[in-house]
Protein chains: 2
Amino acid sequence: MEPKITIKEIAKLAGVSVSTVSRVLNESPSVSDKKRAIVKKVIDDYNFQPSMVARSMISNKTHTIAVLLTDITNPYFTAQIEQIERYGREQGYSLLMFNTMTAGHSNSDNPAADEIKVFETIIEKQVDGVIILGGEIDREKVDQDYLKALNQLNDQVPVVIIGQPNPDCSCLFIERDEAMGARLITTHLLASGYHRIGFIGGEPGIKITTQRLTAFKQTMSIYAEVSNSDIELSDFYIQDGYSSMTTMLKTKPLPDAIVAINDRVGQGAIRALADQHLRVPEDIAIGSCDAFPDAEWMVPRMTTINQHNEVLARIAVQQLLHLINNEQLDSVQTHLPELIIRESCGAKLRHQQTEKSDNT
Amino acid sequence: MEPKITIKEIAKLAGVSVSTVSRVLNESPSVSDKKRAIVKKVIDDYNFQPSMVARSMISNKTHTIAVLLTDITNPYFTAQIEQIERYGREQGYSLLMFNTMTAGHSNSDNPAADEIKVFETIIEKQVDGVIILGGEIDREKVDQDYLKALNQLNDQVPVVIIGQPNPDCSCLFIERDEAMGARLITTHLLASGYHRIGFIGGEPGIKITTQRLTAFKQTMSIYAEVSNSDIELSDFYIQDGYSSMTTMLKTKPLPDAIVAINDRVGQGAIRALADQHLRVPEDIAIGSCDAFPDAEWMVPRMTTINQHNEVLARIAVQQLLHLINNEQLDSVQTHLPELIIRESCGAKLRHQQTEKSDNT
DNA sequence: TTGTAAGCGTTATCAC
DNA sequence: GTGATAACGCTTACAA
């Protein structure tokens with residue numbers, strides 16, 4: 001392990017003062033070409049990299065942003081973090097990742113406290129900004145200590161949150177139109193000719209669940225009835241789709257179609273149905289939300305809603321950088337969920353059948 | 001944005017010297033209970049967090065480790081990074097994540113240069129250690145500039161790599177027995193009664209591909225013939241499984257079974273087969289490697305090899321910490337790939353059929 | 001037990 | 001153009 005070479009030694013080796021080296025490092029014009037050449041050579045020869053730590057002491061900038069998420073294993077988050085890392089790096093920022101793993105089937109007995117602890121580390125580390133992708137803030141009822149800690153954090157360093165705004169939180173929220181996506185998929189199923197439609201997945205007490213479920217119910221209420229036994233909440237994971245669907249299978253007769261809260265849940269549902277020798281979409285149709293990359297390759301290919309989460313992630317970084325640089329924020333951009341019709345909804349199948357019977 | 005409070009102001013407010021505050025911060029015993037109490041109160045009141053940056057200047061430690069990977073979207077990597085983040089955080093380390101996105105269908109024309117650039121950032125940021133999960137180092141022929149830069153990096157800060165050792169690289173490697181996994185799955189298919197077995201997926205020129213393919217061929221050669229037309233390399237993603245399988249479908253007759261280089265590729269293959277109304281395992285069996293979490297819920301459930309990548313990730317952190325603290329390394333731990341028999345291989349199906357025909 | 005002062009590696013502010 | 005020197009926030013001898 002070679003000891004790190006410093007600007008002082010470079011200066012000595014080049015026969016100049018540290019200030020001159022510093023000037024060369026920062027591309028200041030007020031250095032003679034001759035000295036600049038000498039210094040550059042020494043820097044190159046010794047492969048000198050100035051210490052960001054020392055620089056940070058002076059500038060009060062670390063060129064680092066922190067990202068908080070609850071499950072790095074979840075494609076919903078990785079799609080976003082991929083964009084954040086990429087765009088951040090383009091702008092000269094590195095990414096400190098904190099993965100609380102409090103989502104889903106977690107073993108933490110106090111997720112709020114876990115996140116608060118992360119906030120402390122973030123302050124210590126003196127990042128320039130923070131992006132929160134999910135966690136405690138997504139709850140209908142947010143822990144008060146958590147909220148206080150979050151506001152305190154936002155007081156020290158700009159915090160951008162991708163999620164539904166909380167009136168008691170001073171952070172900047174990048175909003176997603178959850179209701180619209182749920183309306184789109186529900187309407188699509190109705191328009192495809194299904195009348196009895198169920199809803200599965202989503203953790204109760206989480207805003208995304210409530211909002212999608214509410215939108216589902218509202219949309220349904222215009223055209224048809226929804227019984228509570230056709231709604232099975234659980235969580236956002238594949239095993240939750242499996243368990244919700246399995247429970248629903250005890251209902252007779254089954255709904256014609258199902259709205260799954262996301263593609264993972266949809267996939268779990270397909271698995272549960274297959275175990276009972278039920279086919280999708282022939283025996284029951286499935287539409288879902290949050291287009292995950294694999295959904296296009298499933299059997300059947302999943303009809304779903306693309307929420308364009310990567311776009312939101314990019315906007316989050318942009319706004320955060322504005323906050324960091326005290327620039328004006330971009331005006332709020334519209335967020336358009338998009339329906340992707342594939343196979344699991346059976347729409348095309350039905351259409352073909354209709355055409356066929358029309359011809360007869 | 002409140003300006004950050006410093007140790008100096010805490011000292012003034014508490015009516016003591018900065019050293020006393022520092023002592024309290026560092027739990028030094030040589031502070032009177034009285035002063036300690038006063039200082040603690042002020043710290044608490046003002047919610048003071050000492051600056052890691054300033055501390056790092058002195059200690060030359062940032063309590064940060066960097067992780068390099070090529071695709072955060074890939075479950076192969078997220079399983080590992082989840083462990084690294086968790087275990088690292090338990091030990092007081094934060095994680096700087098660099099995602100080069102050079103894997104798979106990348107748009108980078110020079111992945112080696114991309115990684116070299118990341119190395120520079122890592123040195124600047126003065127992390128305490130580095131873990132590399134994949135990238136240029138996985139190639140059969142590693143770029144020489146890259147290798148030089150990597151060795152230089154390892155000269156400044158300890159680097160641990162999860163992957164196959166490279167004799168020209170001075171970093172510490174955590175090795176995985178790729179060959180053994182491939183042997184296990186191949187033998188399993190052979191033992192299940194398949195004779196003509198194909199191999200799909202994996203990027204040519206990548207060690208993991210070569211090693212698994214070689215092990216596959218060797219194992220096969222003991223019991224049966226393998227024709228080159230039954231081998232279709234491509235890459236590690238779902239669309240690669242689809243394309244490889246689609247290509248292979250032009251071969252008549254088809255192999256009885258397929259070894260996929262990982263579960264994603266296997267999933268793509270199932271999709272390609274379904275498009276031709278071919279069933280797995282009835283028409284063709286599939287065995288794969290690298291148990292991804294979803295594989296258990298696919299239709300059919302995927303027979304695969306669990307390489308226990310999370311365990312390797314944990315070992316990598318442990319060894320890295322030893323390196324950081326100049327402690328003795330743990331002795332090399334054995335790594336045991338494990339066969340998970342599910343549905344896609346058709347082993348159970350065949351067994352039942354055999355039993356049935358035995359009874360007749 | 002406590003305080004003073006030097007020092008960590010850089011940049012910024014002065015003189016020269 | 002260039003070079004001393006102070007400053008950033010903290011820790012750590014060394015003194016008292």
Side-chain angles (χ1 to χ4, degrees), chain A residues 2-40 42-43 46-64 120-121 123-128 156-157, chain B residues 2-40 42-43 46-64 120-121 123-128 156-157:
Chain A
E2 283 175 10
K4 223 179 196 47
I5 192 163
T6 74
I7 196 174
K8 224 175 190 166
E9 310 175 67
I10 297 290
K12 192 177 291 174
L13 287 160
V16 299
S17 73
V18 285
S19 348
T20 301
V21 179
S22 176
R23 286 187 189 104
V24 172
L25 247 25
N26 295 286
E27 319 219 294
S28 152
S30 47
V31 181
S32 69
D33 287 354
K34 199 177 140 197
K35 295 219 169 186
R36 182 187 306 279
I38 300 177
V39 172
K40 278 207 162 160
V42 178
I43 288 178
Y46 288 80
N47 225 290
F48 168 70
Q49 306 266 120
S51 155
M52 262 299 287
V53 175
R55 284 181 156 178
S56 295
M57 283 237 50
I58 294 152
S59 65
N60 256 314
K61 298 245 164 286
T62 53
H63 287 271
T64 302
E120 282 169 18
T121 310
I123 292 178
E124 258 184 18
K125 286 276 154 90
Q126 312 205 188
V127 301
D128 297 341
Q156 305 241 25
V157 41
Chain B
E2 284 175 8
K4 218 174 200 49
I5 192 163
T6 72
I7 195 174
K8 226 176 189 165
E9 311 175 65
I10 297 290
K12 194 177 289 174
L13 287 160
V16 299
S17 73
V18 286
S19 9
T20 302
V21 178
S22 175
R23 288 188 188 103
V24 173
L25 248 24
N26 295 288
E27 320 218 291
S28 151
S30 45
V31 182
S32 69
D33 288 353
K34 199 176 140 195
K35 298 222 170 186
R36 182 188 307 279
I38 300 176
V39 172
K40 278 206 163 163
V42 179
I43 288 178
Y46 288 81
N47 224 294
F48 168 71
Q49 306 267 120
S51 155
M52 259 302 286
V53 175
R55 284 182 154 178
S56 295
M57 283 237 51
I58 295 151
S59 65
N60 257 312
K61 298 245 165 287
T62 53
H63 286 271
T64 302
E120 282 169 18
T121 310
I123 292 178
E124 258 185 19
K125 286 276 153 87
Q126 313 204 191
V127 301
D128 296 342
Q156 307 242 22
V157 41

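Atom set for the values below is all heavy atoms of this structure, side chains included, hydrogens, waters and symmetry mates excluded. Protein chains get the first letters and strands the later ones, always in sequence-line order, with residue 1 at the start of each.
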Next item on the list: Output yes when a side-chain donor or acceptor of A/Q126 lies under 3.5 Å from a complementary backbone atom of A/T62, and no otherwise.
Entry: no
Item checked: Residue-phosphate contact under 4.0 Å: A/R55 side-chain N/O, C/dG9 OP1/OP2 -> no
Notebook entry, point to check: Can a donor-acceptor pair under 3.5 Å be found between the side-chain atoms of A/S22 and the base atoms of C/dA12?
Noted result: no
Note to self: Categorize A/T20 for me: base, sugar-phosphate, or nothing, with a 4.0 angstrom heavy-atom threshold over every strand shown.
What the structure shows: sugar-phosphate
Next item on the list: Using a heavy-atom cut-off of under 4.0 Å over every strand shown, decide if B/V53 touches base, sugar-phosphate, or nothing.
Entry: nothing
Check: In whole Å, what is the span from the CD1 atom of B/I7 to the C1' atom of D/dT11?
Finding: 8 Å
Margin query: Distance check needed: C/dT10 P versus B/I123 CD1, whole Å only.
Written below: 13 Å
Check: How close or far is atom P of D/dT12 from atom NZ of B/K61, stated in whole angstroms?
Finding: 13 Å
Check: Where the side chain of A/K125 meets the backbone of B/H63, is there a donor-acceptor pair that is under 3.5 Å apart?
Finding: yes
Item checked: Short side-chain to backbone donor-acceptor contact, A/S22 and A/V18, under 3.5 Å -> no
Check: Among B/V24, B/L13, B/V21, whose side-chain contact (heavy atoms from CB on, under 4.5 Å) with B/V42 holds?
Finding: B/L13
Notebook entry, point to check: Please give, in whole Å, the distance from D/dT5 P to A/K8 NZ?
Noted result: 12 Å
Notebook entry, point to check: For B/V31 and B/A54, take the nucleotide of DNA chain C holding the closest heavy atom to each; which residue's nucleotide lies nearer the 5' end?
Noted result: B/V31
Next item on the list: Determine the contact category for A/S51: base if any of its heavy atoms lies under 4.0 Å from a base atom, sugar-phosphate if only primed atoms, P, OP1 or OP2 are that close, otherwise nothing.
Entry: sugar-phosphate
Check: Considering only heavy atoms and no angle criterion, is a donor-acceptor pair shorter than 3.5 Å present between the side chain of B/R23 and the base of C/dG3?
Finding: yes
Notebook entry, point to check: B/Q126 has an atom CD; how far is it from atom P of C/dC8, in whole Å?
Noted result: 14 Å
Next item on the list: Would you classify A/N60 as touching base, sugar-phosphate or nothing, given that sugar-phosphate means primed atoms plus P, OP1 and OP2, and contacts are heavy atoms under 4.0 Å?
Entry: nothing
Check: Counting just side-chain N and O atoms, does A/S30 come under 4.0 Å of either OP1 or OP2 of D/dG1?
Finding: no
Item checked: Rounded distance (Å) that lies between atom C1' of D/dT12 and atom CD of B/E27 -> 17 Å
Checklist line | Between C/dA5 (C1') and B/I58 (CD1): distance, integer Å | finding: 13 Å
Item checked: Separation between CD of A/E27 and CG of A/L25, rounded to the nearest 0.5 Å -> 9.0 Å
Notebook entry, point to check: Within the structure shown, what part of the strands sits under 4.0 Å from A/S19 by heavy-atom distance: base, sugar-phosphate, or nothing?
Noted result: base
Check: Can you check the B/K12 NZ to C/dT2 C1' distance for me, whole Å?
Finding: 19 Å
Next item on the list: Identify whether any heavy atom of B/K35 sits under 4.0 Å from a base atom; if not, whether one sits that close to sugar-phosphate; answer base, sugar-phosphate or nothing.
Entry: sugar-phosphate
